[in-house]
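Counting starts at 1 for both ligands and their atoms, following the listed order. When a residue number appears, it is its place in the shown sequence, counting from 1.
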Amino acid sequence: MKDFTSSALEHIGFSGIRAVFDKANQLESEGKKVVHLELGRLDFDTPRHIKDAAKKALDEGLVHYTPNLGLPVFREAVKNHLQRQLGLNYSDKEIIATMGATQGALLAMGAFLDQGDEVIVPTPTFVSYLNAPRFFGGIPVPLEMKAGEGFQINLEELEKKITPRTKIMVIISPHNPTGTVLSRETLEGVADLARRHDFLVLSDEVYDQMVFEGEHVSISTLPGMWERAILANSFSKTYSMTGWRLGYIAAPQNLIGSMVRVHQYVVGSSTSFVQAAGAAALNQSQDCVREMASTLAERRKFLLNNISSKLVPVKPDGAFYFFLDVRPAGYTSQEAVNRLLDEGVATVPGPAFGAGGEGFIRLAYATTLEELEYAAEKIGKVLG
Ligand SMILES: Cc1ncc(COP(=O)(O)O)c(C=O)c1O
């Protein structure tokens, strides 16, 4: 039988994070202690009132398809949230409830890419963005961000990457894997280029509630950007709901109109009672978000005080990651990951996040202070 695999999958493998996770699990099954710093998911439970809202919706029979865009109550909640949080005025026809930000990003690629169109992706990056364009014949164009430049986007280098085929640029802030928060100045530079060269910006803001220093700026709020920005967000991180698969995209109606045409044939609509829970999450008290952020702030502070500063070339101001430079310890990324795993600490090699990742490892502080104390001691032992 011939190989039926689509050529679109030629460059698409499995995430490098999975490999570490599997290995760590194997060690655990052999009875070894492993501190899991490899996965980008929080160790908190979903807040009670959000679960209750889902149960109530189920009990009330909210078990059918919703409109493609999502439940009106969900879109209303997102609309009000974006207005409160960022001063952005989207209508409820300018929001789609998605199965996480991952699906939101896919909709943008599916709606706007023609064969051979280019998507500029600053790297290292959340790997989805280096793969998603390919499903639709698009070409990801990596733009390396450097520790020496604070992992900000180099605007001169960006301009060199722009061609007549550039359709979309992806930005993530706060950033995975570096923890960087893009500065207003950087975002203004990106916005200026997007307007002058006429491309769309897909703005991934899934860590927007986890900013410990500086400010979160949404590029959609910058002059002339509302019309060309697609804001993708998620409940996964903010409310510790990774398994619920809920997010949204917000964009002007002409862009949403194209994206919903893809959405209707990908999932139809996202899960009904999960949307109801999402509406409750946004409409009710945000104390749970503040509590999670303050726990994360404490962990971040602990790591900043207990990991040698030579390993931390850029202080991570947001999200819940450290991108450690292992070169001063004389290791490649993979060597450092292996050595740490031997000591019972699971991390991810930087190259799993694309170009610019070699020499770095990512750790997610999505675990208790007690576990982080153990990890910090081992990091000190292995990397100095
Ligand atoms: C930057 C970024 N975007 C999106 C996602 C995925 O979000 P979701 O669970 O909403 O699909 C992640 C997950 O780690 C992420 O780091």
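Looking at K237 against ligand 1, only its side chain comes within 4.0 Å, counting heavy atoms. At a 4.0 Å heavy-atom cut-off, ligand 1 touches R245 through the side chain alone. Only the side chain of Y207 comes within 4.0 Å of ligand 1, judged by heavy-atom distances.
A side-chain N or O of Q286 and one of Y239 form a donor-acceptor pair less than 3.5 Å apart. Side-chain contact annotation: S218 with T221, donor-acceptor N/O pair under 3.5 Å absent. Counting only N and O atoms by type, the side chains of Q103 and H263 include a donor and acceptor under 3.5 Å apart. Residues T332 and Q334 have side chains that never bring a donor and an acceptor to within less than 3.5 angstrom of each other.
Less than 4.0 angstrom separates some heavy atom of S236 from each of these atoms of ligand 1: 8 (P), 9 (O), 10 (O). Proximity to I172 (heavy-atom distance under 4.0 Å) selects the following atoms of ligand 1: 1 (C). Close approach of ligand 1 to S234 (heavy-atom distance below 4.0 Å) involves ligand atoms 8 (P), 10 (O).
In the candidate list T242, D204, N176, T238, D204 is nearest to atom 2 (C) of ligand 1, counting heavy atoms.
In this structure, the ring of F151 has its center less than 6.0 angstrom from the ring center of F360. Aromatic pair Y207/F320: ring centres closer than 6.0 Å.
In terms of protein heavy atoms, atom 11 (O) of ligand 1 is closest to T102 OG1, 2.5 Å.
Of the N or O atoms in L246, none lie within a sub-3.5 Å distance of an N or O in ligand 1.
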With salt bridge (Lys or Arg N to Asp or Glu O under 4.0 Å) as the criterion, how do K301 and E298 come out once you've worked through the C-alpha distance, each side chain's angles and the decisive distance to 0.1 Å? CA-CA 5 Å; K301 192 165 154 209; E298 222 178 295; over 6 Å; no

